[in-house]
Number of protein chains: 2
Amino acid sequence: MSNDSPSAPAPTVREVAQLAGVSPMTVSRTLSGGKNVRAEVQQRVLDAVAALGYHRNENARSIRPGHSSGLIGVAITNLANPYYGQFALGVEEVVAQHGRRMVLGNSGEDLGRETQLVADFVGRQVEGLIVVPTGGGAEHLQPARLGQIPVVLASRAVEGLEADTVLLDDVNGAYEATKRTIDAGHRRIAFLGNAVSVSTASRRFDGYSRALTEAGLAVDPELVLRGQQDVHAARIAMERLLDLADPPTAVFSANNRNTIGALHAIGARQRAGALPVTPTLVGFDDVELADLMQVPLLIVSHDPRALGAEAARMLLERLDGPAADSPPQLVELPVSVGRLPE
Amino acid sequence: MSNDSPSAPAPTVREVAQLAGVSPMTVSRTLSGGKNVRAEVQQRVLDAVAALGYHRNENARSIRPGHSSGLIGVAITNLANPYYGQFALGVEEVVAQHGRRMVLGNSGEDLGRETQLVADFVGRQVEGLIVVPTGGGAEHLQPARLGQIPVVLASRAVEGLEADTVLLDDVNGAYEATKRTIDAGHRRIAFLGNAVSVSTASRRFDGYSRALTEAGLAVDPELVLRGQQDVHAARIAMERLLDLADPPTAVFSANNRNTIGALHAIGARQRAGALPVTPTLVGFDDVELADLMQVPLLIVSHDPRALGAEAARMLLERLDGPAADSPPQLVELPVSVGRLPE
DNA sequence: TTGTGCGATGGTATCGTTACCAAACTCGAC
DNA sequence: GTCGAGTTTGGTAACGATACCATCGCACAA
C-alpha cells in the first residue's frame, strides 16, 4: 500500500519501530517469536511490517556472533548436463529442509573459475561447500584456505585432499557391466570416455580394463578413445570406431555425453543403411529415451539426485551433527547394472 | 600454514591488521585497490592475509550504504527438467560476467514454496529476481512486497503483474507447427499439454487451436488432453489417445515432458507390434535423441540457455542500465519450427 | 628556515540487527 | 498499602567493514 519515494532504500527495523510506536528491540523480538511482547503490540508491529513491506536483513543478522548465513555454496562443472541439474536438485531439497539456501555456480570444467567461485562463496560466509571438482588442482580447497568451512566433494575425488567425498561405485559398475558384455560373447569391446583427469573417467576405465584382464582379454589401444567432453566429440569418436577395419562388437561408454554421441553415430549409419552389424552399447549414466533406440543397450544406472542429497546430508552432518570433527568419510553409492537384451 | 585453534572463527580485518602491524583501514585500502598505500606495506598486508586465510566478509560489506550484495535470486519450477538446467546456466553465465552470483531455488511448481523462496531472497538483499512463476498467484511478486527490487519473469507471464517478462513465441510456434501438420494432410490432430494454469501451456494451445480453426477444422474435445505434468502422466494420456476407436493421425505435444511420454507410449506399442499406424508427433521443446526415434517427428525448437541469458540481461539493464525506470518490457524470443519428414 | 602541498596512515562513526542489562510496570500475597 | 516476583519495554554496545575526516611526515619551493 505504500511506496514512498521512487528510489527508497529498503525499510529498516527502525522505521518499522517508529511506525508501530515501539522500540527497534520490540520489533526484533516480535519477529523472532514474540516472547515477552504483548499480543496487541505484536499486532501493531506486524501491521507496520506489512505496510512497509519490511524484510529482515539477513546479511546484517549474519554478522552477529553465533549467527550463521544459512547459505551452502555449490560448485558444479556443467549445468548443461541434465545429470547435474538433478544433482543440484538433490542438494537443494535437502538443504532447504534444514533451513539453508543453495548458492549455485557453474565452473564449466575450468579450474580457474572453480577457484574463483570457491573464494567468492567463502567471502559470502557460506556455512559449507559442495564441490564437483574439475580436477587438476586442489590448492583452493585445502583447509588452510577455507578456514573452518567444511567441504564435501561429490562425484569425483581429488588426490591430496582430505575431505568428505561421495562417489558412485564407478569401478564395480563398470566392471560388472563389462563382465556381462564379455559373458554375452563379446571379445572386441571399445571404450569411450571423457577427460582422463576426471576421476570418474579413470575409475570407470579401471573397472572396464579389470574385467577384460580377468577374462584374459587384452586392452586394445585402438579401441580406447578418451577425452570426449561433449556429444559432438563423442559422435566423432564413435564414427572412428565404426570405420575400423575390424570394428568392435560392443562399446563401453563412460558417461551420458559419450553414450548420446555414440547413439547418434549409430543411428545415422543405420538410417543410411551403412551399418552391417549394430554394435552393442554399454553406457554409464541414464539417458532419457535410450531404451527406445534400435540398439542393444546395457545401462549402468544411478540416481544423481540421490548423489546430491547424500552430499548435502554429509555436509549437514558436519554442520549440525555431533561428530563434526570425525575423520573424513568416503561414501560410494551403489549403481545398478541392467541386463543385456535377449 | 596456520590453523590456530580447532574451531577458530574466521579471521577479521582487525586480526590481519594486527599481524601486519597496521590499522584495519590500511588493510581495507590495500584490499580494495591499494590506492595511497606504500608498496612495502601492501606486501605485509597481503602476506598476513595469506597467512591467516582471510576473506573479506561480503555480508558485512553489503550492509554499508551504497554497497550492494551482488546476488541475483533465481526461482525456477523444476530443476529435474533439463530445460531448466540450461536456463539456469544461461542466467549464471550472464550474471557472472557482471560480477554477480546466482542464488538458485527450486519451487517444484508449488506456489507456497515460491513465495517462501522470494521472501528469503529479499531478506538476503538480492539485487534482483528472476522467476519462472508457477502461476496461480502474483501477490508475492507485487512491487509493494518487493520494495525496489526489480523482477524479471521468464518463460511464463503472470496476469495482473507489471514486470519485465521474457517469453518464447509460443503462440506462433504452435500455430506454425500445427499448420504444417495440417498442410501435410492430417485432419485428426490431438493435443497433449501440461497444467492449464501455466501460461506457456495455454499460449501453445491457443496457437494449436487457431491453426485448426483457420483450416476449418474443429477442436475435438476427445483429442485434447491437458494437465500432464510429468513423463509418466503423459505416457498414460498418449495411450488413451492410441486406444480411441478413431485415433489421431498426429499429436501436438506442448512440452518436452509430454513429448517423451508420448514417445514411450508409441515405442512400447511398436515393439509389441500393436500399432497399425504410427502417428506423427509434433512437439514443443527439444528432446535429446528424439531425432533418432522411429516416429515421424516435428520439433518446435528453441534455446533455453538463451532464454535465461536474455532474462539476466533484462534484469541487469534495470540494475546497471541508464533507463532503470522505463516501463516494463515484454520480449518474445523466436522459436524455430522444423520440417516434417518426407 | 619556514611554508605549502600531497601522500600515507589512523581514529571514529556508521550500516541493520540483536544480546545483554536496566528500568518500568503488572499482579497477587500479606 | 507494601513488597517481591515476573513480565514487558527500551537503551546501549557489538558484530565486520569502510567513508570520512584528521593527523603526520616528507619533499620541494621560496
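Proteins get letters first, then strands, A, B, ... in listed order; numbering begins at 1 in each. Quick caveat, the model's predicted, so the values are computed rather than measured.
Between B:Glu58 atom CD and D:dT18 atom C1' the separation is 13 Å, expressed in whole Å. The separation between B:Asn36 atom CG and D:dT23 atom P is 18 Å, rounded to whole Å. Rounded to whole Å, the distance from CZ on B:Arg38 to P on D:dG25 is 13 Å. Distance CD (B:Gln42) to C1' (C:dG7): 13 Å, rounded to an integer number of Å. Atom CD in A:Glu15 sits roughly 11 Å away from atom C1' in C:dG16 (whole-Å rounding). At whole-Å resolution of the value, NE2 in B:His55 and C1' in D:dA17 are 16 Å apart.
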Side-chain donor-acceptor pairs of residues 98-108 of chain B under 3.5 Å, sequence neighbours excluded:
{"unit_1": "B:His98", "atom_1": "ND1", "unit_2": "B:Val94", "atom_2": "O", "d": "3.0"}
{"unit_1": "B:Arg100", "atom_1": "NE", "unit_2": "B:Glu127", "atom_2": "OE2", "d": "3.3"}
{"unit_1": "B:Arg100", "atom_1": "NH1", "unit_2": "B:His98", "atom_2": "O", "d": "3.1"}
{"unit_1": "B:Arg100", "atom_1": "NH1", "unit_2": "B:Asp320", "atom_2": "OD2", "d": "3.1"}
{"unit_1": "B:Arg100", "atom_1": "NH2", "unit_2": "B:Glu127", "atom_2": "OE1", "d": "3.0"}
{"unit_1": "B:Arg100", "atom_1": "NH2", "unit_2": "B:Asp320", "atom_2": "OD1", "d": "3.0"}
{"unit_1": "B:Arg101", "atom_1": "NE", "unit_2": "A:Asp120", "atom_2": "OD1", "d": "3.2"}
{"unit_1": "B:Asn106", "atom_1": "OD1", "unit_2": "B:Asn78", "atom_2": "N", "d": "3.4"}
{"unit_1": "B:Asn106", "atom_1": "OD1", "unit_2": "B:Leu79", "atom_2": "N", "d": "2.8"}
{"unit_1": "B:Ser107", "atom_1": "OG", "unit_2": "B:Ile76", "atom_2": "O", "d": "3.2"}
{"unit_1": "B:Ser107", "atom_1": "OG", "unit_2": "B:Glu109", "atom_2": "N", "d": "3.4"}

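Residues satisfying the side-chain hydrogen bond (donor to acceptor under 3.5 Å, both in side chains) criterion with B:Ser69, sequence neighbours excluded, are absent altogether. Taking B:Ala195 as the reference, B:Ser197, B:Val198, B:Gln229 meet the side chain to side chain contact (heavy atoms under 4.5 Å, CB included) condition, with sequence neighbours excluded. Remark: A:Tyr83 pairs with A:His302 by the ring pair (Phe, Tyr, Trp, His ring centres under 6.0 Å) rule, at least two apart or across chains. In terms of the side chain to side chain contact (heavy atoms under 4.5 Å, CB included) criterion, A:Arg64 has no residue partners (sequence neighbours excluded). By the salt bridge (charged side-chain N to carboxylate O under 4.0 Å, His left out) test, B:Arg44 is found to be paired with B:Glu40, residues two or more places apart in sequence or in another chain being considered.
Under a 3.5 Å cut-off, the side chain of A:Gln125 and the backbone N or O of A:Ser62 do not form any donor-acceptor pair. Under the 3.5 Å distance criterion, the side-chain polar atoms of B:Arg124 are left unmatched by any main-chain donor or acceptor of A:Glu58. B:Ser28 contributes no side-chain N or O that, together with a main-chain N or O of B:Pro24, makes up a donor-acceptor pair within less than 3.5 Å. Between the side chain of A:Glu162 and the backbone N or O of A:Pro328, no donor-acceptor pair lies under 3.5 Å.
Taken to the nearest 0.5 Å, the CG atom of B:Leu315 stands 5.0 Å off from the CD1 atom of B:Ile72. Atoms CG and OG1, from A:Leu111 and A:Thr77 in turn, are 12.5 Å apart once rounded to the nearest 0.5 Å. The CG atom of A:Leu89 sits 11.0 Å away from atom CG of B:Asn81, with the distance rounded to the nearest 0.5 Å. Here the straight-line distance linking atom CG of A:Asn59 with atom OG of B:Ser68 works out to 11.0 Å at 0.5 Å rounding.
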Atom pairs, N/O to N/O, protein against nucleotides 26-28 of chain C, distance under 3.5 Å?
none

N/O-N/O pairs, protein side and nucleotides 13-16 of chain D side, under 3.5 Å:
{"unit_1": "D:dA14", "atom_1": "N3", "unit_2": "A:Arg64", "atom_2": "NH1", "d": "3.2"}
{"unit_1": "D:dG16", "atom_1": "N2", "unit_2": "B:Ala60", "atom_2": "O", "d": "3.4"}

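Over its full length, the helix from C:dT1-D:dA30 to C:dC30-D:dG1 turns its helical axis through 60°, comparing axes from the five pairs at each end and rounding to 10°.
Proximity of residues 16-32 of chain A to DNA chain D (heavy atom under 4.0 angstrom from any strand atom) is restricted to A:Val22, A:Ser23, A:Met25, A:Thr26, A:Arg29. Of the residues in residues 121-128 of chain B, not one comes within less than 4.0 Å of DNA chain C through any heavy atom.
Applying the salt bridge (charged side-chain N to carboxylate O under 4.0 Å, His left out) rule to pairs touching residues 71-98 of chain B yields A:Arg113-B:Glu92, B:Glu93-B:Arg305, sequence neighbours excluded.
With A:Val22 as reference, A:Val45 is the one residue of A:Val45, A:Val16, A:Thr30 to meet the side-chain contact (heavy atoms from CB on, under 4.5 Å) rule.
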